[in-house]
Engineer: 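Pasting in a structure now, in structure tokens, and then I'll have a few things to ask.
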Amino acid sequence: MRNNAETPQVLDVDVTTHGRMPGAADYARSKIGEIGTRTRKPVLHARVRLTRHTDPAVRCPVVAQANLDVDGRMVRAQVEAATAREAIDRLDERLRRRLERTAEHWEAQRGRLPEDNPHEWRHQSAPTARPQHYPRPADDRRIIRHKSFTMAPCTIDEAAQEMESLDYDFHLFTERATGFASVLYRGGPTGYRLAQVIAVAPDELAPFELPLTFSSQPAPCITTEEATERLGLLGLPFLFFIDAAQGRANILYHRYDGHYGLITPAD
């Protein structure tokens, strides 16, 4: 499925479906496959996952997720809609925005912000409607996904770029200047907010340009079981905490199927 600037090609998209959605897989292959003709970088792999929730109370039961390997860089998008076709159309639109933003940064030094005017952070590519998690009863929720990755030191601006490319609501990283585990997430009046295991003054952080607000609360030191209970009681989308057993910063988050996922730093 490799393509380049001279000979763009329709992608061979790997599509999986969960739930009854007649014709959705073929439509996704056709619709998302055309993205290969719109990017100058080779798309090495494209995967789409379509899930239909069966609860009739869910207003937008179809969740569509895509992962593209664009010349070694991951680009991700996720949307929800009332029908499979609508979800695929929305996914296509969001992927194109992600690819346009990635192209703006591709040749630039990592960490430089896209600019219309000097020092202007553009928010129009940020998603306006985030998919909601399936309303699974609290007693039925389990941690069914455990992801672990190396938290390479980076700046807040670099973390924001990564979060935008992957279409995430939050990003766990090691802040370059302090060496502290930190999480950048969507929230506050500027659209971005930062929390750290130990809150420090902004001037102690590596230089950054992203407008954001800061959490003054340190990450709580609790067990995973306590974090699960707290997340359920507070109704938060995720919880940033220090695992009392291992002394490492973790994130427990709501998955779109109503269960939980756990993110931990690699050893």
Side-chain angles (χ1 to χ4, degrees), residues 76 101 105 108-130 133 147-224 226-244 246-254 260-266:
R76 178 183 180 274
R101 189 169 183 86
H105 295 285
Q109 181 179 2
R110 188 168 188 258
R112 181 180 177 182
L113 299 179
E115 296 174 341
D116 283 338
N117 296 309
H119 309 298
E120 179 181 355
W121 179 268
R122 301 193 303 169
H123 291 276
Q124 66 265 29
S125 64
T128 57
R130 310 298 299 176
H133 64 268
K147 296 188 289 187
S148 181
F149 65 96
T150 301
M151 293 170 52
C154 66
T155 67
I156 292 172
D157 291 339
E158 291 168 342
Q161 287 182 27
E162 190 77 4
M163 191 171 78
E164 289 288 340
S165 294
L166 297 176
D167 199 21
Y168 286 160
D169 288 323
F170 56 83
H171 185 51
L172 181 65
F173 68 104
T174 300
E175 198 281 320
R176 185 182 299 278
T178 62
F180 291 159
S182 310
V183 59
L184 182 68
Y185 59 99
R186 302 183 191 278
T190 68
Y192 294 92
R193 191 166 174 82
L194 181 76
Q196 294 187 283
V197 291
I198 301 175
V200 301
D203 59 7
E204 296 183 49
L205 304 171
F208 64 93
E209 298 183 37
L210 180 71
L212 77 165
T213 55
F214 299 87
S215 171
S216 61
Q217 300 299 319
C221 184
I222 54 181
T223 66
T224 301
E226 291 170 334
T228 302
E229 181 179 0
R230 183 175 298 192
L231 186 63
L233 289 174
L234 298 178
L236 301 171
F238 71 91
L239 182 67
F240 179 46
F241 70 101
I242 299 173
D243 187 330
Q246 300 184 359
R248 297 189 301 178
N250 291 352
I251 288 184
L252 183 72
Y253 66 96
H254 272 292
Y260 297 131
L262 183 66
I263 299 176
T264 63

Engineer: Could you give the distance from CE (Met163) to CG (Asp169), rounded to the nearest 0.5 Å?
Structural biologist: 7.5 Å
Engineer: Taking the side chain as C-beta and beyond, is there a heavy-atom pair between Cys154 and Glu162 under 4.5 Å?
Structural biologist: no
Engineer: Say you draw a straight line from CZ of Phe208 to OG1 of Thr155; how long is it, rounded to the nearest 0.5 Å?
Structural biologist: 9.5 Å
Engineer: Only one of Phe238, Tyr192, Tyr253 clears ring-ring contact (aromatic ring centres under 6.0 Å, His included) with Tyr185; which?
Structural biologist: Phe238
Engineer: Could you report the tightest heavy-atom contact between Leu212 and Ile156, atom names first, then the distance?
Structural biologist: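 Minimum heavy-atom contact is CD1-CG2, 4.2 Å.
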Engineer: Compare every heavy atom of Ser215 with every heavy atom of Ala195, then report the nearest pair and how far apart it is.
Structural biologist: CB-CB, 4.0 Å
Engineer: Within the side chain of Thr190, is there an N or O that forms a donor-acceptor pair under 3.5 Å with the backbone of Pro211?
Structural biologist: yes
Engineer: For Ser182, run the side chain to side chain donor-acceptor pair (under 3.5 Å) check against Arg176, Glu175, Gln196 and tell me which one passes.
Structural biologist: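 Only one of Arg176, Glu175, Gln196 forms a side chain to side chain donor-acceptor pair (under 3.5 Å) with Ser182, namely Gln196.
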Engineer: What heavy-atom pair brings Gly188 and Thr213 nearest, and what distance separates the two atoms?
Structural biologist: CA-OG1, 4.2 Å
Engineer: Taking Met151's backbone N and O only, do any of them form a donor-acceptor pair with Thr174's side chain (distance below 3.5 Å, no angle check)?
Structural biologist: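 Side chain of Thr174 to backbone of Met151, a donor-acceptor pair under 3.5 Å: yes, one is there.
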Engineer: With rounding to the nearest 0.5 angstrom, report the CG to OG1 distance, Leu252 to Thr224.
Structural biologist: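 The distance works out to 7.5 Å.
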Engineer: If I take atom CD1 from residue Ile251 and atom NZ from residue Lys147, how far apart are they, to the nearest 0.5 angstrom?
Structural biologist: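 Between Ile251 CD1 and Lys147 NZ, I get 10.0 Å after rounding to 0.5 Å.
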Engineer: Could you state the interatomic distance from OG1 (Thr228) to CG (Leu262), rounded to the nearest 0.5 Å?
Structural biologist: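 These two atoms lie 8.0 Å from each other.
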Engineer: What are the two closest non-hydrogen atoms of Ala244 and Cys221, and how far apart are they?
Structural biologist: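 Minimum heavy-atom separation between Ala244 and Cys221: CA-SG, 3.8 Å.
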Engineer: Just how far is it from atom NE2 of His171 to atom CD of Gln161, taken to the nearest 0.5 Å?
Structural biologist: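 His171 NE2 to Gln161 CD: 10.5 Å, rounded to 0.5 Å.
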Engineer: For Arg76 and Asp167, run salt bridge (Lys or Arg N to Asp or Glu O under 4.0 Å): C-alpha distance rounded to whole Å, both residues' side-chain angles, the deciding distance at 0.1 Å, then the answer.
Structural biologist: CA-CA 6 Å; Arg76 178 183 180 274; Asp167 199 21; 5.2 Å; no
Engineer: What are the two closest heavy atoms between Pro265 and Ala249, and how far apart are they?
Structural biologist: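 Pro265 and Ala249 have their closest heavy atoms at CD-O, 3.0 Å.
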Engineer: With a 4.0 Å cut-off on N to O distance, would you call Asp243 and Arg248 a salt bridge?
Structural biologist: no
Engineer: Report the residues that fulfil side-chain contact (heavy atoms from CB on, under 4.5 Å) with Ala219, sequence neighbours left out, ordered by chain and then residue number.
Structural biologist: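 Once residues adjacent in sequence are excluded, the partners of Ala219 under the side-chain contact (heavy atoms from CB on, under 4.5 Å) criterion are Val197, Phe240, Ile242.
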Engineer: Consider side chain to side chain contact (heavy atoms under 4.5 Å, CB included). Of Leu210, Val183, Leu205, which one does Leu194 pass it with?
Structural biologist: Leu205
Engineer: Please check if the distance between the ring centroids of His254 and Tyr260 is under 6.0 Å.
Structural biologist: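 Yes; Tyr260 has its ring centre under 6.0 Å from that of His254.
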